[in-house]
Enquirer: 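Structure incoming, see below.
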Amino acid sequence: MMRWSSSAAQAEQPMCDAVAAVVAARQGMEKPLTAVAEAFEELARWMEADGGELRLAPFGDTCALVSVLFNSLGIAFKFAESEYVTKVNDLIGASKEYATLNDILDQDVENDCVKKQGSHSRNLRRVRLGLGLIKALFEQFLATEGTLYDAATTAYGQVCAPFHSWAIRKAVGAGMYTLPTREQLILRLNETDCSVQKEMRRYIDASSPIIEYIDKLFLSRNIVLDW
C-alpha cells in the first residue's frame, strides 16, 4: 500500500529538491488523493480571496503534491512525472522572485520568450497540461467501468498527445500496458471503491477553476494554446 511520504514518492526516481521538500512536508499522510483534493480546494479559496489572482508560491506547492498521483500510476506515466516535477520545481524557484502567475507571464511577454525552452511561462503551460492529464484521467475513470488502460489512453489522447511527437506517442502507448488495474490503483491511493470516486470528483471540481484560470492568462495575451 502506498504511503504519503517522500521515500515512497522517490522510490523509482529522485525528485527535484523543491518538489521533494513539499512532498516530505506531508510525510505521514496516508491518503494522497484526499490530500491533493484538499490542497486544490484551499488553493481555489485563496484565489477567490485574492480577487481572482493566483499567487505563485502556494500554486507551486499545491502542484508539487500531484507528483505523488503520477507516481501511483507506475512507470507508464514516468514520462509525465519526470517532466512535470522538473517544471513545478522551476515554478517553486520562480516564486522567490515573482508574486503571481500573472507576473511571470508579463515578464516573459516583455522578453518575448513565452514559448522558449526553459522559460517560466513554458513551464507553467506544461504544469497545466499535467494537471489537466490527471483531471481527464479521473473523469474517464469515473465515467466508465473499463480498465485503467482505457481511461489513461483516452486522457492522454485528449490532453498531451496533440503536443507530442510520433516517437513519444508510440513510447507512451507501449508503456500504458504496464498500468496497474483499477483495483490496484485504489489500493495504492489507500481509498475504497466508494471513497475514491468522491475524492476524484473533489480534485476534478477543485482543479477546474485553476486550469481555466491558467488558460485565460495565455488567451488574454493572444497566446494560442496549440503548443
Side-chain angles (χ1 to χ4, degrees), residues 1-4 8-16 19 23 31-37 40 63-89 122-123 125-193 195-204 207-208 210-211 214-215 225-227:
M1 184 176 293
M2 181 179 175
R3 294 299 184 209
W4 184 253
Q10 299 181 70
E12 297 179 4
Q13 176 179 320
M15 287 185 178
C16 296
V19 173
V23 173
K31 289 183 174 289
L33 177 55
T34 299
V36 171
F40 272 90
C63 290
L65 303 179
V66 178
S67 64
V68 181
L69 300 184
F70 279 115
N71 186 269
S72 71
L73 296 167
I75 62 173
F77 272 66
K78 193 57 62 181
F79 77 95
E81 181 187 2
S82 178
E83 177 173 281
Y84 180 84
V85 167
T86 300
K87 278 30 175 186
V88 173
N89 194 69
R122 184 181 178 87
N123 290 339
R125 172 68 178 149
R126 293 297 177 263
V127 168
R128 176 261 180 264
L129 290 177
L131 300 180
L133 180 59
I134 293 295
K135 175 176 175 285
L137 189 153
F138 286 175
E139 288 171 339
Q140 291 299 317
F141 187 97
L142 297 175
T144 175
E145 294 297 323
T147 65
L148 185 59
Y149 169 87
D150 293 333
T153 299
T154 300
Y156 173 75
Q158 291 175 346
V159 179
C160 295
F163 311 109
H164 284 169
S165 67
W166 176 85
I168 293 178
R169 294 197 302 271
K170 184 177 180 180
V172 170
M176 291 292 188
Y177 290 101
T178 67
L179 281 165
T181 65
R182 292 174 67 100
E183 293 74 19
Q184 288 170 336
L185 177 62
I186 292 171
L187 286 174
R188 290 182 184 186
L189 296 174
N190 200 16
E191 301 288 349
T192 65
D193 287 341
S195 69
V196 77
Q197 295 184 41
K198 174 186 175 183
E199 301 307 327
M200 283 184 176
R201 289 193 182 94
R202 288 179 68 190
Y203 172 82
I204 291 168
S207 66
S208 290
I210 306 301
I211 291 171
I214 296 171
D215 287 348
L225 304 177
D226 59 354
W227 52 289

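Throughout, numbering of the chain's residues begins at 1 and tracks the sequence. The figures here come from the full heavy-atom set of this structure, side chains too, leaving out hydrogens, waters and symmetry mates.
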Enquirer: Donor-acceptor pair, distance only, cut-off 3.5 Å: does the side chain of T144 make one with the backbone of Q140?
Expert: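 Such a contact is absent between T144 side chain and Q140 backbone.
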Enquirer: Should the ring pair Y203 and F138 be called parallel, tilted or perpendicular, given that the plane angle runs from 0 to 90° and is split at 30 and 60?
Expert: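 Answer is perpendicular, since the angle exceeds 60°.
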Enquirer: Look only at the side chain of R202 and the backbone of F40, and say whether a donor-acceptor pair between them is shorter than 3.5 Å.
Expert: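 Looks like no, no N/O pair under 3.5 Å.
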Enquirer: Does T154 use its side chain to pair, donor to acceptor, with the backbone of A151 at less than 3.5 Å?
Expert: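 Here the side-chain-to-backbone pair does not exist.
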Enquirer: Working to the nearest 0.5 angstrom, can you tell me the gap between I168 CD1 and Y156 OH?
Expert: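 Atom-to-atom, I168:CD1 and Y156:OH are 6.5 Å apart.
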Enquirer: Ignoring hydrogens and geometry, is there a side-chain-to-backbone donor-acceptor pair from R126 to E83 under 3.5 Å?
Expert: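 Looks like no, no N/O pair under 3.5 Å.
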Enquirer: Check L33 against L69 and note the closest heavy-atom contact, atom names and distance.
Expert: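 Closest pair (atom of L33, atom of L69, distance): CA-CD2, 4.1 Å.
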Enquirer: Are any non-hydrogen side-chain atoms of M176 and F77 less than 4.5 angstrom apart?
Expert: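 In contact.
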Enquirer: Given the rule in the side-chain contact (heavy atoms from CB on, under 4.5 Å) test, do R201 and L142 qualify, once you have shown the distances and angles that lead to the verdict?
Expert: CA-CA 8 Å; R201 289 193 182 94; L142 297 175; 3.5 Å; yes
Enquirer: Do the side chains of T181 and T147 get nearer than 4.5 Å, heavy atoms only?
Expert: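 In short, these two side chains do not touch, never coming nearer than 4.5 Å.
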Enquirer: Within the distance-only criterion (no hydrogens, no angle test), does the side chain of T153 pair as donor or acceptor with the backbone N or O of Y149 below 3.5 angstrom?
Expert: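 Yes, T153 side chain to Y149 backbone: donor-acceptor pair under 3.5 Å.
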Enquirer: Drop me the distance from E199's CD to N190's CG, to the nearest 0.5 angstrom.
Expert: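 That separation rounds to 11.5 Å.
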Enquirer: With a 4.5 Å heavy-atom cut-off, do E145 and R182 have their side chains touching?
Expert: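 The answer is yes; the side chains approach within 4.5 Å.
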Enquirer: Kindly determine whether I214 and I210 satisfy side-chain contact (heavy atoms from CB on, under 4.5 Å), including the steps that lead there.
Expert: CA-CA 6 Å; I214 296 171; I210 306 301; 4.3 Å; yes
Enquirer: If we ignore hydrogens and angles and just use 3.5 Å, is the side chain of E191 paired with the main-chain N or O of L187 as donor and acceptor?
Expert: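 No, E191 side chain to L187 backbone: no donor-acceptor pair under 3.5 Å.
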Enquirer: For a 4.5 angstrom cut-off between non-hydrogen side-chain atoms, does V68 reach P32?
Expert: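 They are in side-chain contact.
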Enquirer: Are F70 and S82 close enough that some pair of their side-chain heavy atoms sits under 4.5 Å apart?
Expert: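 Not touching, per the 4.5 Å side-chain cut-off.
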Enquirer: Distance check, rounded to the nearest 0.5 Å: R125 atom CZ versus K87 atom NZ?
Expert: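 Reported value, rounded in 0.5 Å steps: 13.5 Å.
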Enquirer: So, taking the atom named NZ in K135 and the one named CG in L129, what distance separates them when rounded to the nearest 0.5 Å?
Expert: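 Here the interatomic distance stands at 12.5 Å.
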Enquirer: Taking all heavy atoms of M200 and all of L185, pick out the closest pair and write down the distance.
Expert: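 In this case the closest contact between M200 and L185 is CE-CD2, 4.4 Å.
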Enquirer: For E81 and K78, indicate whether the former's side chain and the latter's backbone hold a donor-acceptor pair under 3.5 Å.
Expert: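 Looks like no, no N/O pair under 3.5 Å.
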Enquirer: Over all heavy atoms of both residues, which pair between S67 and V85 is shortest? Give the atoms and the distance, please.
Expert: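 Of all heavy-atom pairs spanning S67 and V85, the closest is CB-CG2, 3.7 Å.
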Enquirer: Could you go step by step and tell me if L148 and L73 meet the side-chain contact (heavy atoms from CB on, under 4.5 Å) rule?
Expert: CA-CA 9 Å; L148 185 59; L73 296 167; 4.1 Å; yes
Enquirer: Begin from the C-alpha positions of L189 and S72 and carry the test side-chain contact (heavy atoms from CB on, under 4.5 Å) through to its verdict.
Expert: CA-CA 7 Å; L189 296 174; S72 71; 3.9 Å; yes
